[in-house]
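Encoded as C-alpha cells, the structure appears first; notes follow it.
All residue numbers refer to positions in the sequence shown, counting from 1.
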Amino acid sequence: MITSVLVANRGEIACRVFRTCRELGIRTVAVYSDADESALHARVADAAVRLPGAASADTYLRGDLIVRAALAAGADAVHPGYGFLSENAGFARAVIDAGLVWVGPPPAAIEAMASKTRAKQLMGRGPLTGVTEADLPVLVKAAAGGGGRGMRVVRELGALDGELEAARTEAQSAFGDGEVFVEPYVEGGRHIEVQILADTHGTVWALGTRDCSLQRRHQKVIEESPAPGIPAKLIAELHELAVRAARAVDYTGAGTVEFLVGEDGKAHFLEMNTRLQVEHPVTEAVFGIDLVALQIRVAEGGALQTLEALENGPPRARGHAIEARLYAENPADAWTPQTGTLHRLAVPEAENIRLDTGYADGDPIPVHYDPMLAKVVVHAPTRAEAIRKLAGALERATVHGPITNRDLLVRSLRHPEFTTARMNTGFYDRHLTSLTEPVPDPHAPLAAALADAHGRSRFGGWRNLPARPQVKRYATADGEEHEVTYRHTREGLTAEVEGERVRVVHADARLVVLEVGGVRRKFEVTTYPDRIHVNTTTLTPLPRFPDPTAQHAPGSLLAPMPGTVVRAAEGLTVGASVQAGEPLLWLEAMKMEHRITAPTTGTLTALHVTAGQQVEVGTLLAVVL
C-alpha cells in the first residue's frame, strides 16, 4: 500500500495530485527548483526537496535528482504528472529500480508509445520521408513530449530544413530528446481524443471522447467532453482503436489516444500520451471519477472492476464538461507570455465550477515555465448550459495581475462556430484578430481616476478638490491611452466621457458608481503598485507628460518578454546584411520559443546579446538600420 507520494512535477498538476493524496490519507512530497522556492506546490506538500538551479534541464528533467529526493524524503511512490519526465521510460525504470512504486504505465509501454514515430509504426502508420511539394503542408513534430513544443507547420519546401532544426533545438531543451519527424498536416481537422484507463488484471476502459480543437501554438486552450457532433459509429471506432492501442503495449494506468478527424470524417491516429492529460478534469466531471485516485489504485495492483458500483463495467457518462486554460499571455501580441505578480485569482463560488491552479494570491509568475495560471472547469446537464456557465464564470472571475487570455476565452466560448460545434484546429487562425479586437470600457478610466482621487484625499471626501478640471491618463492592456477629466461643482462631481455627461453617484477608493443615460453601473476598483483593475479592465497609470528620454533608436529590436537567448542566426555578425522578416535571434520564455526578426531590410549595426544570456523585457537585443 502506498503511504507517501513524491510528485515529479510542479505547479498546478502537483497541487492537483496532492489534493487527491490528502483525501486518500497519503503523505505528499514536492520537488522544487530555485525559481519555485516559494511556489504553491512546494508550500502545500508535507515535505519538499530542493533541486538546485532554475532551468528545467537542471531541475525537473534531472531524473537522478528526483529519485534521490524521493528516497531522502521517505516516499514510497512517484507520480510524474504531465510534461517534463512523465513520458520518459528511463526515468520510470530508475524509479522502479530504486524500489519505488511508479504511478504510471510500464516503462516498455512508455517506450513503445512515447516516441510518436514508433507509436505510428505500431499503429500501421509511418512518418513522411523525402518530402516534396506535393506533400505540403506538413507538420514537423517532436518524437517525445507534447504541449506543442517542437512542433511546426511547414507550407513552403524551402522552409523545411530551418523548421526541422528549430524543432530539434526546442525538443532537446524541453524533453532532453531532439528527435523530430514529419507527417501530413490535416487542414480543418478536429482534435479528438479518448481517455483510457487500464489495470494489471486485463481490464481496459475507454472513458469517452474529448474535443480539444481550440488550440494556439498547437497547445490546447479549451477542451470538452464528450466531443460534440461526433457520430456514434465514429465514437465506437475511436474507442476500439484506443483500446487496441492500449492492449498492443500491455498498458496500465491512465493514458490518452489522440486523433485528428478530417472534414471527410476519417480519423487519423496522432499519438498516445502515456500519462495524465492537462484536460483530464472534464472526463472526471462527466464520469464522476477521480483519475488520480484510480491511477494510484492501479499502481497498487488493484482491479478496476472491484470498485464499488462499477462491477458491471466502466462508469457511465452524464452531462457535459468544458475546461478553459487561463494563461498569463497576450493573445493580441502573438501570444506573448507575461510575467509579474498574480495579485488575486478567484472564480465565482457555484456548484460544479472547479478551479485547478498552482498559484495563490501574491505569487510571482516565473519566466522559466509554462504560462498557464489555472484551469477553470464546469459541468452541466447540457453543452449549451456548460458553455453559458463557463463563459459567465470567467467573465465574473477576479484576475488581478499580468495580462491574461481571459477575454479571449469568454469570446471564444460565445463564438457561433463554437456554440454550434463547427470549430476545428484552425479556429484561431481564422478568428484571432476579431476575438482580440479591443472593446474598451470608456468609463473604466474615469472610475480609476475617481477612486484614486478619493484615496489621496486627506479628509476622505471631495471638499478639498479644486474647482479646476482634474486630468488623469491611463493605458489599457492593448496599449491604448485614455485621458479623463472630471470637475467638482456645486452639483457634485461631474465628468464627461466621449461627449456624454456622467453623474457620479458614489466614489470611494474601492467602489465607484456612475450614472450614464439614466443607468447606474458599479465599478469595483483595486489598486496595486504596478496597475489598477476596474472590473475586468486593466489600466496602467501614465504620467501626465511622457518622458522624452524613454526612446529607442529606429531599428532597435527589444526583448518582448523576459527570457533566455537560445541562439542567433548562423553567421550573424555586426555589419551583416539582413532582409525584412528574417529571423535573427531566438528567445525562449515560459516554454515557448519566440523569433526576433529583422524589422526592415538593412544592416545589423549592433548585437548586444549572446546565446544563453538572460534578458529582461525591453532589453535592447540588436539594431538594424
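Looking only at atom types and distance, the side chain of Gln470 has no donor-acceptor partner in the side chain of Arg487 under 3.5 Å away. Between the side chains of Asp508 and His506, at least one donor N or O lies within less than 3.5 Å of an accepting N or O. Between the side chains of Thr20 and Asp290, at least one donor-acceptor pair of N or O atoms lies under 3.5 Å. A donor-acceptor contact closer than 3.5 angstrom is absent between the side chains of Arg10 and Thr59. Looking at His191 and Gln215, their side chains do bring a donor and an acceptor atom within 3.5 Å of each other. Between the side chains of Thr256 and Glu193, no donor-acceptor pair is found at a separation under 3.5 Å. For the residue pair Asn9 and Arg16, no side-chain donor N or O sits within less than 3.5 Å of a side-chain acceptor on the partner. In summary, the side chains of Arg43 and Ser38 do not present any donor paired with an acceptor at a separation below 3.5 Å, with no hydrogens or angles considered. For the residue pair Asn273 and Glu258, a side-chain donor N or O sits within less than 3.5 Å of a side-chain acceptor on the partner. Side-chain contact, Thr537 with Asn535: no donor N or O sits under 3.5 Å from an acceptor N or O.
The closest donor-acceptor contact from the side chain of Ser225 to the backbone of Thr209 lies under 3.5 Å. Using a distance-only test at 3.5 Å, with no hydrogens or angles considered, no donor-acceptor pair links the side chain of Thr564 to the main chain of Val566. In terms of modelled atom types and a separation under 3.5 Å, the side chain of Gln338 and the main chain of Thr336 share a donor-acceptor contact. A donor-acceptor pair is defined here as one N or O able to donate and one able to accept, closer than 3.5 Å; such a pair exists between the side chain of Lys375 and the backbone of Val278. Between the side chain of Arg383 and the backbone N or O of Thr419 there is at least one donor-acceptor pair closer than 3.5 Å. The main-chain N or O of Glu223 is never found under 3.5 Å from a side-chain atom of Arg210 such that the two would form a donor-acceptor pair. Using modelled atom types, one side-chain atom of Arg411 and one backbone atom of Glu437 make a donor-acceptor pair closer than 3.5 Å. Within the 3.5 Å criterion, the main-chain N or O of Val439 finds no donor-acceptor partner in the side chain of Asp407. A donor-acceptor pair is defined here as one N or O able to donate and one able to accept, closer than 3.5 Å; no such pair exists between the side chain of Asp36 and the backbone of Ser33. Looking at Thr425, its side chain does come within 3.5 Å of a backbone N or O of Gly189 through a donor-acceptor pair.
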Step-by-step side chain to side chain contact (heavy atoms under 4.5 Å, CB included) determination, Val502 to Tyr486: CA-CA 9 Å; Val502 177; Tyr486 58 88; over 6 Å; no
Side chain to side chain contact (heavy atoms under 4.5 Å, CB included) evaluation trace for Ile230 with Ile192: CA-CA 9 Å; Ile230 302 295; Ile192 308 296; 4.2 Å; yes
Residue pair Glu483, Val471: steps toward the side chain to side chain contact (heavy atoms under 4.5 Å, CB included) verdict: CA-CA 7 Å; Glu483 184 174 279; Val471 179; 3.4 Å; yes
Check against salt bridge (charged side-chain N to carboxylate O under 4.0 Å, His left out), Asp441 and Arg521: CA-CA 12 Å; Asp441 184 340; Arg521 290 185 59 200; 2.8 Å; yes
Candidate pair His379 and His320, rule ring-ring contact (aromatic ring centres under 6.0 Å, His included), full reasoning: CA-CA 6 Å; His379 181 236; His320 201 95; 8.8 Å; no
Verdict with reasoning, Tyr474 to Glu481, per side chain to side chain contact (heavy atoms under 4.5 Å, CB included): CA-CA 6 Å; Tyr474 299 93; Glu481 295 187 7; over 6 Å; no
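With salt bridges taken as basic N to acidic carboxylate O contacts below 4.0 Å, one links Arg216 and Glu329. Salt-bridge annotation for Glu524 and Arg510: absent, with no side-chain N of the basic residue lying under 4.0 Å from a carboxylate O of the acidic one.
Classified by interplanar angle (parallel below 30°, tilted 30° to 60°, perpendicular above 60°), the ring pair His343/Tyr528 is parallel. Taking the six-membered ring where the residue is Trp, His400 and His533 present parallel rings, their angle staying beneath 30° rather than reaching 60°.
Residues Ile596 and Trp586 have side chains not in contact (no heavy-atom distance under 4.5 Å, counting atoms from C-beta outward). Side-chain contact between Thr28 and Val7 is absent, with no heavy atoms from C-beta onward closer than 4.5 Å. Contact of the Leu260 side chain with the Arg190 side chain is not registered, since no non-hydrogen atoms from C-beta on lie closer than 4.5 Å. Within the 4.5 Å cutoff, the side chain of Leu408 has heavy atoms near those of the Leu432 side chain. By the 4.5 Å heavy-atom criterion applied to side chains, Val484 and Arg473 are not counted as neighbours. Proximity of Pro371 to Trp335: side-chain heavy atoms (C-beta onward) are nowhere separated by under 4.5 Å. Between Tyr369 and Tyr60, the closest side-chain pair of non-hydrogen atoms falls below 4.5 Å. Thr339 places none of its side-chain heavy atoms less than 4.5 Å from the side chain of Pro402.
Just one residue in the list Asp370, Leu409, Ile403 forms a side-chain contact (heavy atoms from CB on, under 4.5 Å) with Tyr327, and that residue is Asp370.
For Glu582, the CD atom counts as densely surrounded, since its 6.0 Å shell holds more than 12 non-hydrogen atoms of other residues, nucleotides or ligands. More than 12 heavy atoms of other residues, nucleotides or ligands lie within 6.0 Å of CZ in Arg414, so this atom counts as buried by the packing criterion. Atom CZ of Arg19 is surrounded by more than 12 heavy atoms from other residues, nucleotides or ligands within 6.0 Å. More than 12 heavy atoms of other shown residues, nucleotides or ligands fall within 6.0 angstrom of atom CD in Glu515.
Atom CG of residue Leu390 and atom CD of residue Glu385 lie 13.5 Å apart, to the nearest 0.5 angstrom. To the nearest 0.5 Å, atoms OG1 (Thr485) and NZ (Lys472) are separated by 11.0 Å. Rounding to the nearest 0.5 Å gives a distance of 4.0 Å between OG1 of Thr476 and NE2 of His482. Here the CD atom belonging to Glu496 is positioned 11.0 Å from the CG atom belonging to Leu446, to the nearest 0.5 angstrom. In this structure, CE on Met372 lies 12.0 Å from NZ on Lys220, to the nearest 0.5 angstrom. With values rounded to the nearest 0.5 angstrom, Gln277 atom CD is found 7.5 Å from Cys212 atom SG.
Aromatic pair His415/Phe427: ring centres closer than 6.0 Å.
Every residue meeting the side chain to side chain donor-acceptor pair (under 3.5 Å) condition with Arg354, not counting sequence neighbours, appears here in chain and number order: Glu284, Asp356. In this view, Thr420 and Arg422 satisfy the side-chain contact (heavy atoms from CB on, under 4.5 Å) rule, not counting sequence neighbours.
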